[in-house]
Number of protein chains: 2
Amino acid sequence: MVRVTITQVAAHAGVSVASASRALNGQIASAETVAKVQHAAATLGYVADATAQSLKRGRTKQLAYAVADIGNPVYVEMMSAIERVVSASGYRLVLSSTGTSSSSVDVVRDLGRGYVDGMILSPLRVTDELLTALAKTPTPVVVLGRLPDDVNLDTVRADSLTAMRLVVGHLVAEDRRDIAFVNGPVDTTPGAFRRDGFAAAVLAHPLLTTRSVDAEDFTISAGYAAARQVLEGDRRPDAIVAANDLIGIGAIRAAEDLGLRVPHEIVVTGIDNTELAGVVRPGLTSVDLGAEERGRVAAELLLARIAEPSRAAHTVTVAPSLVVRGSSVHRPNTQGHASPADRSTEATGLGEERAAG
Amino acid sequence: MVRVTITQVAAHAGVSVASASRALNGQIASAETVAKVQHAAATLGYVADATAQSLKRGRTKQLAYAVADIGNPVYVEMMSAIERVVSASGYRLVLSSTGTSSSSVDVVRDLGRGYVDGMILSPLRVTDELLTALAKTPTPVVVLGRLPDDVNLDTVRADSLTAMRLVVGHLVAEDRRDIAFVNGPVDTTPGAFRRDGFAAAVLAHPLLTTRSVDAEDFTISAGYAAARQVLEGDRRPDAIVAANDLIGIGAIRAAEDLGLRVPHEIVVTGIDNTELAGVVRPGLTSVDLGAEERGRVAAELLLARIAEPSRAAHTVTVAPSLVVRGSSVHRPNTQGHASPADRSTEATGLGEERAAG
DNA sequence: AGCGGAACTGTAAACGTTTCCAACGATCTC
DNA sequence: GAGATCGTTGGAAACGTTTACAGTTCCGCT
């Protein structure tokens, strides 16, 4: 079972390799040739070598998805959406973890090696170095996340400001007046924009008291530590807004461990609306930033750019939506809208309500 | 910023392409040549084309991970472990979802195209067709999961029997006598082996009453439906053993919705010890099948086989361990061992105790 | 009958790299 | 000083494919 080449197929069919190639690729060829070649290919078990095709054709039919932290379910969700689009278009997806050894700059540099036709990059930090590397590479790149305004690249981003407005508005409607924002590291892109979004959202509500604390990173344990610190302080807030679901879950745990009932004594919200938010008890109210849609759109943008490299750069912003669950609703039957229980999902029996962004 | 080839580097350095190639690859070359070539490469910004190298060298430095359902966190965990090993060895990882369009047979056939040097396959169903395809392919494949005994392939598997013994033993120690097993589809590999494992484990405890029901698939919603059916039956069990964590979580939800307190009226256990198990309340007692280790070992086996294709096939079985959480422990302070709370993890404040397999 | 063109085919040149092989000068050995 | 040896080099052939180009055949048309 060694490699069978097109030369052998051609010989077996009694035609030239050129004709064999044309016959196999649906190029112009007589019906007789096609038949002979296809028969030869079938009997010999011929499959075209992908590497040789890539070299000759100048494209690999591979796309890369580069992400720092595949441990976060939200990136898995994106990856899943990307994979669907990509493989439906006949591309393969290669996974480039930027977390392990190489930084995302290295990953972009690696693009020069030409093993992929394009890349979807989800950088945790956007440095100048990364931007110059991105400007230099001839390979199409779509960035997931916010970029400086003067950068001319295809981008898909979430709307942190609206997300925060949804959360803060919801908490105010729930009669919360003292909100603690537990952010992730503020030197990351999501950290920075969620901070700004929160600050802006709060401005609309002059009576609010707020404060911020940054967790070490976007994980449950870091969220637990940061939230605990907030909750043990002298003036306890009546709401915690977490910068993502993992931190939010950490916050719920912290509250529990301090004997505080959620949502009675303190309400908690998350961001990302990961599967975890629906699985935790009480369910974590969360803003869905449209991870699935962002992944899908990013993949579509990339494919479109590959098809037409000179097209103008697009920036797509995906609208967030608020998913209300038990962690933020103290008085379930006194709200303006229907009780969450009315729309319980059949699967989990979990009450949740979605508000458009 | 067009592609700069080794020919240009050679010209710029005033040497032949052969010498340039040797200088760049650390082959035998004079110090002077190396200096000239490296300088030329640096000034021109040369990066070797991966495709051409692959074609010439006969290996792509890419490995594939093929999995049906990337939605299940346990496969993500494996993928993460695989990615670490693979990228540390200078390989790229390409993700082949067998769920979307192609079956795992197609994926194996695709190997013939030679775009990867090897593959880690995690098939949900092992058919004869798949086995013959595996036997035919010259590309190294490591299978995650159980195979028939006469198949001579590198394999990494979990120990379902021991896993089930751990669970059943634990439940018996908790004075449970009527156990319902909520399995996934029994025509899948995990489904079949967990069924057999459960049956065998139960034999050791003659006084047990047991029954089985198969969920539609290994998801929360399917688990919810199947568990609900069991719990609404005329004779209610005092324990539910779920075939994985997702089904287990579904079972907890079902119990909740029926007003049954977990673990007081019914205890529930899962399998896989995914992150979800630790995040849910009450924490889901689960058997850790060593997903991380299985992924890592599979990657190592694959690399070893690539390095030495003629080596004997290895089968590695990873030992499971029981992680006890709140969902199965009704009387936390009357157990033989320490109270779970004694070993609470700092992050979640969640009590859990691990027993070796 | 001659001619233009359509339809098809084969030869050979690419794609960018690695590597075999022969050739070279310099050094060493007897 | 002749030959062997060593270290280094460049030409050219690969790897397996696609494709430009030129050639062939055949057909219909005038």
Side-chain angles (χ1 to χ4, degrees), chain A residues 1-38 40-41 44-62 90 110-117 138-139, chain B residues 1-38 40-41 44-62 90 110-117 138-139:
Chain A
M1 180 85 185
V2 286
R3 166 145 289 290
V4 27
T5 73
I6 200 173
T7 312
Q8 301 169 37
V9 173
H12 190 275
V15 299
S16 72
V17 287
S19 295
S21 173
R22 279 186 295 252
L24 291 168
N25 291 310
Q27 311 274 33
I28 177 169
S30 74
E32 190 198 349
T33 304
V34 171
K36 281 192 299 186
V37 171
Q38 278 179 348
L44 267 54
Y46 169 76
V47 247
D49 182 78
T51 309
Q53 282 185 322
S54 297
L55 178 60
K56 189 61 198 170
R57 291 181 167 156
R59 54 213 168 80
T60 59
K61 281 290 185 174
Q62 295 192 150
D110 244 24
L111 282 183
R113 307 213 38 206
Y115 61 90
V116 288
D117 299 339
T139 313
Chain B
M1 181 85 184
V2 286
R3 165 145 290 290
V4 28
T5 72
I6 200 173
T7 312
Q8 302 170 38
V9 173
H12 190 275
V15 299
S16 71
V17 287
S19 295
S21 174
R22 279 187 295 252
L24 290 169
N25 290 310
Q27 310 275 32
I28 178 168
S30 74
E32 189 198 347
T33 304
V34 171
K36 282 192 297 187
V37 170
Q38 277 179 349
L44 267 54
Y46 169 77
V47 248
D49 182 79
T51 310
Q53 282 186 322
S54 296
L55 178 59
K56 189 60 198 170
R57 291 183 167 153
R59 56 213 166 79
T60 59
K61 282 288 183 176
Q62 294 192 151
D110 244 24
L111 281 183
R113 308 213 36 205
Y115 61 89
V116 287
D117 299 339
T139 313

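Note on naming: letters A, B, ... go to the chains in the order of the sequence lines (proteins, then strands), and numbering restarts at 1 for each one. These numbers come from a predicted model, not from an experiment.
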Colleague: Closest heavy-atom contact between B:Val47 and A:Gly112?
Modeller: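 Scanning both residues completely, I find the closest heavy atoms to be CG2-O, 4.0 Å.
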Colleague: Mind calculating the distance between CG (B:Leu55) and P (D:dC15) to the nearest angstrom?
Modeller: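 Value for this atom pair: 9 Å.
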Colleague: How far does the helix from C:dA1-D:dT30 to C:dC30-D:dG1 bend, going by the axes of its first and last five pairs, to the nearest 10°?
Modeller: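 The angle separating the two end axes equals 50°.
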Colleague: To the nearest Å, how far apart are B:Lys56 NZ and C:dT17 P?
Modeller: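 Distance check: B:Lys56 NZ to C:dT17 P gives 13 Å.
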Colleague: Ignoring backbone atoms, test whether A:Gln27 places a side-chain nitrogen or oxygen under 4.0 Å from the OP1 or OP2 oxygen of D:dT18.
Modeller: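 For D:dT18, OP1/OP2 do not have a side-chain N/O of A:Gln27 under 4.0 Å.
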Colleague: Which is it for A:Asp49 and B:Leu55 under the side chain to side chain contact (heavy atoms under 4.5 Å, CB included) test, yes or no, and what are the steps along the way?
Modeller: CA-CA 9 Å; A:Asp49 182 78; B:Leu55 178 59; 4.2 Å; yes
Colleague: Distance check needed: D:dA14 C1' versus A:Asp49 CG, whole Å only.
Modeller: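 That distance rounds to 14 Å.
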Colleague: Rounded off to whole Å, could you give me the CG-to-P distance for the A:Leu44 and D:dG16 pair?
Modeller: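 Rounded to whole Å, this separation is 14 Å.
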Colleague: Measuring to OP1 and OP2 of C:dT17, would you say a side-chain N or O of B:Thr7 lies under 4.0 angstrom away?
Modeller: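 No, no such contact exists.
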Colleague: Can you name the closest pair of heavy atoms from B:Arg3 and A:Gly114 and give their distance?
Modeller: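 Of all heavy-atom pairs spanning B:Arg3 and A:Gly114, the closest is NH2-N, 4.4 Å.
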Colleague: For the side chain of B:Gln53, starting at C-beta, report the closest nucleotide among D:dC15, D:dT17, C:dT17.
Modeller: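 Per side-chain heavy atoms of B:Gln53, the pick is C:dT17.
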Colleague: For A:Ile6 and A:Ser21: C-alpha separation, side-chain torsions, deciding distance, then whether side chain to side chain contact (heavy atoms under 4.5 Å, CB included) applies.
Modeller: CA-CA 7 Å; A:Ile6 200 173; A:Ser21 173; 3.7 Å; yes
Colleague: Specify the residue among A:Asn25 and B:Ala31 whose closest nucleotide of DNA chain D lies further upstream toward the 5′ end.
Modeller: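 The answer here is B:Ala31.
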Colleague: Working to the nearest 0.5 Å, report the span between OG1 of A:Thr33 and CD1 of A:Ile28.
Modeller: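 Separation between the atoms: 11.0 Å.
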Colleague: Would you mind reading off the distance between B:Arg57 atom CZ and D:dC15 atom C1', rounded to a whole angstrom?
Modeller: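 Distance, rounded to whole Å: 13 Å.
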Colleague: Pair B:Gln62, A:Gln62 - check side chain to side chain contact (heavy atoms under 4.5 Å, CB included), show working.
Modeller: CA-CA 11 Å; B:Gln62 294 192 151; A:Gln62 295 192 150; 2.9 Å; yes
Colleague: By a strict heavy-atom criterion of less than 4.0 Å, which residues belonging to residues 9-24 of chain A are in contact with DNA chain C?
Modeller: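 The answer is A:Val15, A:Ser16, A:Ala18, A:Ser19, A:Arg22.
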Colleague: For the residue pair B:Tyr115 and A:Thr60, establish whether any side-chain heavy-atom pair is separated by less than 4.5 Å.
Modeller: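 No, every pair of side-chain atoms sits at 4.5 Å or beyond.
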Colleague: Hey, what do you get for OG (A:Ser54) to CZ (B:Arg113), rounding to the nearest 0.5 Å?
Modeller: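 It comes to 7.5 Å.
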Colleague: Between B:Thr33 and B:Ala52, just flag the one whose closest nucleotide in DNA chain D comes earlier from the 5' side.
Modeller: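 Looking at the nearest nucleotide for each, B:Thr33 comes out on the 5' side.
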Colleague: Side chain of A:Tyr46, heavy atoms from C-beta onward: which of D:dT17, C:dT17, D:dC15 has the nearest atom to it?
Modeller: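 For A:Tyr46, the side-chain atoms sit closest to D:dT17.
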Colleague: B:Lys61 NZ to C:dT17 C1': how many Å, rounded?
Modeller: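 After rounding, the reported distance stands at 16 Å.
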Colleague: Nearest-Å distance, CD1 (B:Ile6) to C1' (C:dA14)?
Modeller: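 B:Ile6 atom CD1 is separated from C:dA14 atom C1' by 17 Å.
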Colleague: What integer distance in Å separates A:Arg59:CZ from C:dG16:C1'?
Modeller: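 Result: 18 Å.
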Colleague: Kindly compute the distance separating NZ (B:Lys36) from NE2 (B:His12), expressed to the nearest 0.5 Å.
Modeller: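 Those atoms lie 12.0 Å apart.
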